[in-house]
Amino acid sequence: MRFLSPLILAATLTGCASDLPPRDPQQAWVELHAQLPSQTLSASRLDGQRLRDGRFCQMPPGAHELVVRYTFERSGGGSGGGMQPGSTPGDISCYLRVRYDGFTSGQRYRLEARPLAAKAQAWLYGEGRTPLARGEVLRCGPY
């Protein structure tokens, strides 16, 4: 049994470190980027459908709605909403929705998220870091 645990751990870590699939030139590709390595940004839904791999999003050209989950640590994450003196740090997760009508096949886009007080903000960028759309906060909390 002692030998089995390291094998399960190795298999789990290998799955997490797998390479991204090749880009399809007929699709638009959205790369996800959190501000710090301790933060996570993952794609959750595309046009209402749950995504299997949250590390990226690939979609046909046109108008789409992408929902992402952004998790970050904020100071003062105690039970009182985190704004009282002496409260402890904690993680907060925000679900953000980004809508954009002009996704183009073969183009690479970048979705960036960053904390903003007890909430978050996200921006979709195109070529040359041109801002294309701003994310809308759907909900935030300690989940």
Side-chain angles (χ1 to χ4, degrees), residues 3-85 87-143:
F3 184 69
L4 187 57
S5 293
L7 284 177
I8 292 171
L9 178 63
T12 303
L13 291 176
T14 302
C16 293
S18 64
D19 291 331
L20 292 174
R23 283 180 44 203
D24 180 349
Q26 303 303 312
Q27 307 259 346
W29 179 279
V30 177
E31 163 189 319
L32 304 172
H33 180 73
Q35 191 177 33
L36 297 172
S38 61
Q39 302 167 350
T40 58
L41 179 62
S42 60
S44 181
R45 294 183 176 276
L46 176 65
D47 300 328
Q49 300 295 314
R50 185 174 297 271
L51 296 169
R52 288 184 19 220
D53 190 339
R55 299 174 297 163
F56 70 100
C57 188
Q58 203 166 210
M59 66 197 79
H64 294 284
E65 176 182 285
L66 178 62
V67 175
V68 296
R69 181 178 179 168
Y70 176 51
T71 304
F72 59 96
E73 184 178 304
R74 66 178 167 110
S75 58
S79 62
M83 303 313 268
Q84 286 109 12
S87 57
T88 59
D91 283 347
I92 188 165
S93 290
C94 293
Y95 284 89
L96 303 134
R97 176 176 45 216
V98 178
R99 293 179 175 145
Y100 182 61
D101 294 336
F103 285 106
T104 307
S105 60
Q107 290 293 318
R108 187 177 206 129
Y109 300 87
R110 181 178 173 108
L111 181 64
E112 293 184 9
R114 56 190 158 269
L116 180 65
K119 297 212 181 232
Q121 61 182 10
W123 291 92
L124 178 69
Y125 295 100
E127 296 283 325
R129 208 159 153 74
T130 305
L132 302 173
R134 183 176 184 171
E136 170 190 0
V137 176
L138 299 175
R139 66 185 183 276
C140 292
Y143 37 79

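Remember, it's a predicted structure, so these values are computed and weren't measured experimentally. If you read the sequence from its start, that first residue is 1, and numbering goes on from there.
Contacts classified as salt bridge (Lys or Arg N to Asp or Glu O under 4.0 Å) and involving residues 22-33 (residues at least two apart or in different chains) are given here: E31-R108, E31-R110.
Minimum interatomic distance between L51 and C57 (heavy atoms only, all atoms of both residues): CD1-SG, 4.1 Å. The heavy-atom pair separating A122 from L111 by the smallest distance is CB-CD1, 4.3 Å. Shortest non-hydrogen contact noted between L32 and G54 is CD1-O, 3.1 Å. Nearest heavy atom pair, residue C140 against residue A120, reads SG-N, 4.4 Å. Closest heavy-atom contact between Y70 and R114: OH-CA, 3.3 Å. Nearest heavy-atom pair across M59 and L46 is CB-CD2, 3.7 Å.
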side-chain contact (heavy atoms from CB on, under 4.5 Å) between E112 and R129, intermediate numbers included = CA-CA 11 Å; E112 293 184 9; R129 208 159 153 74; 2.5 Å; yes
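Between atom CZ of residue R55 and atom CG of residue L41 there is a gap of 13.5 Å, rounded to the nearest 0.5 Å. The CZ atom of R139 sits 8.5 Å away from atom CZ of R69, with the distance rounded to the nearest 0.5 Å. L138 contributes atom CG, which lies 7.0 Å from atom CG of L96 (distance to the nearest 0.5 angstrom). Going from atom CZ of R97 over to atom CG of L66 covers 11.0 Å, rounded to the nearest 0.5 Å.
Judged by distance alone, the side chain of S93 and the main-chain N or O of D91 form no donor-acceptor pair under 3.5 Å.
With sequence neighbours excluded, the residues that form a ring pair (Phe, Tyr, Trp, His ring centres under 6.0 Å) with F103 are H64, Y100, Y109.
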